[in-house]
Asker: 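After the structure tokens below, expect a handful of questions from me.
Worth knowing before you read on, the calculation uses all heavy atoms, side chains too, and leaves out hydrogens, waters and symmetry mates.
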Amino acid sequence: MADLAHAPADAPLGGPPVLSTKLHAPRPPATFVSRTRLTGRLDRVAPGTMALVCAPAGCGKSVLVSDWCRRQSSAVAWLSLDVDDNDPIRFWRHVAASLDGAAGDTSASLRAAVDQLARRADAATVDDIVTTIVNSAAADDRDIVLVLEDYHLVVDEGVHDGVRLLLERAPAPLRFVVISRADPPLLLARRRARCELIEIRAADLRFGADEATAFLEQATGVRPADSTVATLTDRTEGWAVGLQLAALSLSGRDDVEAFLGTFTGSHRFVLDYLTEEVLDRQPDRVRDFLLSSSILDRLSGPLCDAVTGGDDGQELLERCERANLFLVPLDDERRWWRYHHLFAELLRTWLDRRPDDEVHELHRRAAAWYESNDLVERAIEHATAAGDTAWAMRLIERHADELLLRREGATLRRRLAELPDGVEASRRLLVAHARTAAYAGRPGEAELLLDAAAHARPEPDDAFEPSIDRAASPLSTLDPTTALVHAFIAHLRGRSDDAVSFAHGALADIEDDSSAVALIAQLHLASAQWVRGEVGPAESALGTNVERWRALGEPGRVAFGCHYLARAQRARGDLDLAIATYRAALDVEADASASGSPAAGVSLIGLGQIAYQRDELESARNLVDRGLEASRQLVYTQALSSGLATMAWIRRCDGDTDEARELMDEAVDVGPDDDVIDLVNPVPVQRARLFLAEGDSAPAERWIRHRAVGLDDEPRHPVEAAHLLLARLTIAEGRGREAVPLLDRLLRTATDDGRVASMIEIELLRALASADDHPADAAASLTRAVVLAAPQRYVRAFVDEGTPVATLLGRVVAAPSPELDRTVLGHVATLIAAFERTPGPAAAAASPAQPLVVPLTDRELEVLAELATGKPNRQIADELYVSLNTVKKHITHILDKLGVSNRTAAVDRARSLGLLP
């Protein structure tokens with residue numbers, strides 16, 4: 001094994017390796033010229049704000065920021081990004097490590113906290129990690145500068161979301177500098193408007209005549225003539241790398257004027273030309289060394305020796321640095337360097353002219369060195385580049401568990417995608433890949449992967465890394481895991497019998513029925529009950545499953561189990577209990593980690609959906625907003641999709657139908673595939689319903705054809721949403737009577753199952769379907785819906801149906817049924833108030849001829865008038881010559897009839913109804 005003292009990584013606390021060379025600012029080259037006019041602008045970056053240094057390659061961005069950082073009294077956390085940082089967990093591990101280094105924290109406490117989150121049973125959300133980083137920075141008594149270099153290499157939206165969140169929440173001590181070749185998606189316009197952004201662009205970075213003179217004099221040791229400076233500045237447009245290459249070519253030349261005469265062209269042609277000039281003037285050994293080592297992103301003496309076959313790598317690196325050959329040191333000990341990006345790119349262009357077998361051999365040597373030094377990511381990369389896919393596959397297989405348990409699924413997927421078509425993957429790796437595809441709502445992809453796994457080569461006995469905890473990893477028991485992926489696919493497609501069969505098959509191969517794998521199988525059995533509509537038994541089984549996860553010490557699994565449990569409780573119509581379950585999920589994770597819940601996105605969106613149903617729109621908006629931030633990081637796409645759909649309904653309530661449509665479209669795009677049942681992924685049906693409410697029936701017609709449902713069908717819980725959409729479309733087309741038999745069958749099934757949420761919706765649609773031909777039946781259905789809805793305060797189920805329900809509600813109010821007791825009447829008042837707040841004709845339609853469902857008595861009107869003056873209860877009792885208890889009873893009746901909860905709201909409501917002046 002090579003000398004690990006020279007490896008560019010450490011792994012404190014047994015965590016995954018962090019490349020320490022990514023955490024050092026580049027040292028200015030010997031030819032460096034300080035540019036005070038630009039560093040002065042960076043000085044204006046205030047705490048909590050951001051600087052963006054954005055320009056093409058070779059403009060001197062990193063050198064400028066590095067020089068500015070050296071002059072700061074603040075602690076500097078520098079992170080050089082690369083393509084591997086397009087994995088949110090990996091990205092935040094490196095950010096935490098850079099901040100630890102800036103704080104001089106030898107214990108790596110912040111990175112340890114991030115590692116702890118990443119090792120949880122469920123993926124840590126960005127919200128958790130950012131909160132940890134914000135709290136750490138806020139507790140530091142010094143200013144901190146966080147520099148993110150080469151941000152243009154980041155394309156993962158999850159990483160962008162996290163950085164945006166960090167910028168928004170940044171405590172005062174934290175300042176940001178982003179170095180990029182392209183504008184990053186970090187809400188720049190908003191920051192400009194808030195005066196929170198300092199920008200340095202390509203035009204700013206161009207060298208002026210004075211700066212170019214100083215630079216060329218520093219590089220050549222001779223002050224150049226003004227004409228020479230003018231020519232080079234003009235031809236390079238003040239481009240830093242162009243000037244540096246020109247300086248190298250000028251050094252030792254007598255024919256300066258002749259050289260300048262041939263020095264023309266664009267940046268790229270100038271760079272090609274001058275690179276050739278520079279390479280041609282190097283000794284053969286140096287030129288060969290430059291070309292051979294150009295395959296490496298980072299360079300060290302031992303690594304270069306392994307690749308080139310020499311023994312003078314360290315000496316040559318130092319020699320190249322002294323010669324200003326675009327070598328950037330990455331640490332203070334001169335052990336690690338990198339080439340300037342454009343210089344490396346051009347060296348590789350020249351290297352590609354060599355025979356393929358020579359280049360492949362260089363990559364094989366690099367892969368061997370990285371593997372021997374336990375830097376597996378780099379080893380995989382070079383094994384793939386060498387064309388040795390078998391070697392690359394072995395490396396990926398050996399570390400698949402590690403990547404999944406570290407929640408670096410994005411890295412695993414990228415490495416798999418880099419492999420050439422037709423590569424024979426191992427069974428274990430294909431199952432792991434299938435598992436992530438199923439969780440992402442891609443059952444077709446998962447099935448193809450499982451089919452390939454069934455015909456794949458078996459793994460060697462030593463396929464598993466001994467460092468991985470087998471008890472915590474479902475991948476450690478391959479056959480049960482394969483069965484459980486099949487069970488989840490069956491669940492996604494509504495095939496509950498198949499899900500049960502696969503889950504029982506997995507349990508048959510598991511000796512310990514309290515193990516993680518066994519509990520996942522039991523979760524699938526409970527979920528199959530829910531798919532069948534058996535919500536009571538499902539709720540009981542899911543509650544037991546949650547408690548067993550709790551006993552196993554798996555807070556992340558407890559949180560996701562609570563998600564499934566709350567889903568059954570909501571189907572049973574118990575919103576209060578579902579709220580308690582979602583909050584318990586958040587509390588479990590908060591107890592386990594001060595930085596919050598990895599499953600917070602799922603729970604927050606669930607709470608937001610209940611708040612929306614109760615017409616608590618501001619609370620719903622806040623909860624769903626927070627849930628969306630977290631859910632973008634989860635492989636489980638259903639949470640993000642349903643959260644976006646809920647936000648679409650909220651925006652429709654705000655009157656912004658265009659944004660509501662856009663959000664629905666995004667919800668469908670990011671969500672599961674079309675063959676996932678509506679019960680699991682209700683978003684396509686919700687989109688069709690929203691568009692139908694706006695007068696566009698095409699999406700509903702398409703989805704009904706896709707699901708192949710008809711008015712003569714027998715009810716099945718997995719396709720109930722599609723049947724209800726069909727009923728809505730039939731009613732909208734003026735054929736409501738044709739939908740009544742289907743609705744009657746659906747109602748009987750839902751009633752038998754105890755699914756109150758479905759019963760409310762079906763009764764509402766039945767009322768609408770009967771309104772024209774059988775108004776008495778319509779009133780009876782609507783009354784039953786109100787009676788079912790009142791105890792748990794369902795509101796939007798009525799209001800989102802629009803004007804027709806508002807009109808029917810007005811009729812019910814005009815002739816109240818004996819079923820409408822005081823509680824139900826109070827809820828009717830709440831519904832009328834909600835309709836009145838809704839823009840459009842529904843407000844007028846909901847208002848009955850008399851202002852209240854049950855009018856106030858004369859004495860209650862007297863008490864109401866006294867309330868409007870702000871008098872206390874005792875004074876009202878004295879003035880009306882009644883007891884205090886009598887006044888309190890009158891006030892309670894007033895609040896119930898007005899559908900409000902306090903005196904102030906009662907007065908406002910009464911005035912809006914004309915009961916008070």
Asker: Might you work through the side-chain contact (heavy atoms from CB on, under 4.5 Å) test for Ile520 and Trp549, ending with a clear yes or no?
Answerer: CA-CA 9 Å; Ile520 294 173; Trp549 281 118; 3.8 Å; yes

Asker: With a 4.5 Å limit on heavy-atom distance, are the side chains of Thr637 and Val670 in contact?
Answerer: no

Asker: Set out, in order, the CA-CA distance, both residues' side-chain angles and the distance that settles side-chain contact (heavy atoms from CB on, under 4.5 Å) for Ser758 and Leu746, then state yes or no.
Answerer: CA-CA 9 Å; Ser758 293; Leu746 291 169; over 6 Å; no

Asker: Any side-chain heavy atom of Arg493 sitting closer than 4.5 Å to one from Val680?
Answerer: no

Asker: Would you say that Val624 contacts Leu644 through its side chain, given a criterion of any heavy-atom pair below 4.5 Å between the two side chains?
Answerer: no

Asker: Could you list the residues that satisfy ring-ring contact (aromatic ring centres under 6.0 Å, His included) with Trp391, not counting sequence neighbours?
Answerer: none

Asker: Is any side-chain heavy atom of Tyr582 less than 4.5 Å from a side-chain heavy atom of Leu586?
Answerer: no

Asker: Are there over 12 heavy-atom neighbours, none belonging to Arg495, within less than 6.0 Å of that residue's CZ?
Answerer: yes

Asker: To check you understand the geometry: which heavy-atom pair defines the closest contact between Val685 and Ala721, and what is its length?
Answerer: CG1-O, 3.9 Å

Asker: Check Ala639 against Val602 and note the closest heavy-atom contact, atom names and distance.
Answerer: CB-CG2, 3.8 Å

Asker: Taking the side chain as C-beta and beyond, is there a heavy-atom pair between His160 and Glu157 under 4.5 Å?
Answerer: yes

Asker: Only one of Asp574, Asp576, Thr581 forms a side-chain hydrogen bond (donor to acceptor under 3.5 Å, both in side chains) with Gln569, so which one is it?
Answerer: Thr581

Asker: Phe488 and Tyr439: ring pair (Phe, Tyr, Trp, His ring centres under 6.0 Å), yes or no, with the steps?
Answerer: CA-CA 8 Å; Phe488 193 67; Tyr439 290 165; 5.4 Å; yes

Asker: Check this for me: Arg745, atom CZ, are more than 12 non-hydrogen atoms of other residues, nucleotides or ligands nearer than 6.0 Å?
Answerer: yes

Asker: Say you draw a straight line from CG of Leu484 to CD1 of Ile510; how long is it, rounded to the nearest 0.5 Å?
Answerer: 6.0 Å

Asker: Flag the pair Arg442 and Asp673 as a salt bridge only when some basic side-chain nitrogen lies within less than 4.0 angstrom of an acidic carboxylate oxygen.
Answerer: yes

Asker: Does the side-chain contact (heavy atoms from CB on, under 4.5 Å) test come out yes or no for Leu628 and Leu640, once each step is laid out?
Answerer: CA-CA 6 Å; Leu628 288 174; Leu640 174 61; 3.7 Å; yes

Asker: Measure the CD-CG distance between Glu539 and Leu565 for me, rounded to the nearest 0.5 Å.
Answerer: 6.0 Å

Asker: Check Ala506 against Pro480 and note the closest heavy-atom contact, atom names and distance.
Answerer: CB-O, 3.8 Å

Asker: Quick one: does Asp678's side chain have a donor or acceptor within less than 3.5 Å of a partner on Pro684's backbone?
Answerer: no

Asker: In terms of the angle between their ring planes, are Trp703 and His706 parallel, tilted or perpendicular, with boundaries placed at 30° and 60°?
Answerer: tilted

Asker: Taking all heavy atoms of Ala487 and all of Ala503, pick out the closest pair and write down the distance.
Answerer: CB-N, 4.2 Å

Asker: Judged by atom type as modelled, is there a donor-acceptor pair below 3.5 Å linking the side chain of Asn135 to the main-chain atoms of Thr131?
Answerer: yes

Asker: Does the side chain of Glu371 reach to within under 4.5 Å of the side chain of His382, using non-hydrogen atoms?
Answerer: no

Asker: Would a distance-only check, ignoring hydrogens and angles, find a side-chain to backbone donor-acceptor pair under 3.5 Å from Asp87 to Ile89?
Answerer: yes

Asker: How about Arg548 and Gln522: does a side-chain donor come under 3.5 Å of a side-chain acceptor?
Answerer: yes

Asker: Of all the heavy-atom pairs spanning Ile489 and Pro443, show the shortest one and how long it is.
Answerer: CG2-CB, 3.9 Å

Asker: So His486 and Phe502, would you call those rings parallel, tilted or perpendicular, with 30° and 60° as cut-offs?
Answerer: parallel

Asker: Assess whether a salt bridge exists between Asp82 and Arg90, defined as any Lys/Arg side-chain N lying under 4.0 Å from an Asp/Glu carboxylate O.
Answerer: no

Asker: Can you list every salt bridge (charged side-chain N to carboxylate O under 4.0 Å, His left out) pair that touches residues 516-536, not counting sequence neighbours?
Answerer: Asp497-Arg532

Asker: Quick check: does any side chain N or O of Ser642 sit under 3.5 Å from a backbone N or O of Gln638, one acting as donor and the other as acceptor?
Answerer: yes

Asker: Mind checking whether Thr749 and Arg755 have side chains closer than 4.5 Å, heavy atoms only?
Answerer: yes

Asker: Quick one: pull up CD1 in Ile762 and CZ in Arg748 and give me the separation to the nearest 0.5 Å.
Answerer: 11.0 Å

Asker: When you compare the side chain of His491 with that of Trp530, does any pair of heavy atoms fall below 4.5 Å?
Answerer: yes

Asker: Could you report the tightest heavy-atom contact between Ala490 and Ala499, atom names first, then the distance?
Answerer: CB-N, 3.6 Å

Asker: Roughly how far apart are Asp498 CG and His524 NE2, rounded to 0.5 Å?
Answerer: 13.0 Å

Asker: How long is the straight-line distance from CZ of Phe91 back to CG of Asn86, given to the nearest 0.5 Å?
Answerer: 9.5 Å

Asker: To the nearest 0.5 Å, what is the distance between CG (Leu450) and CD (Glu445)?
Answerer: 10.5 Å

Asker: If you apply the rule side-chain contact (heavy atoms from CB on, under 4.5 Å), what do you find for His717 with Val531, and how did you get there?
Answerer: CA-CA 7 Å; His717 192 218; Val531 169; 5.6 Å; no

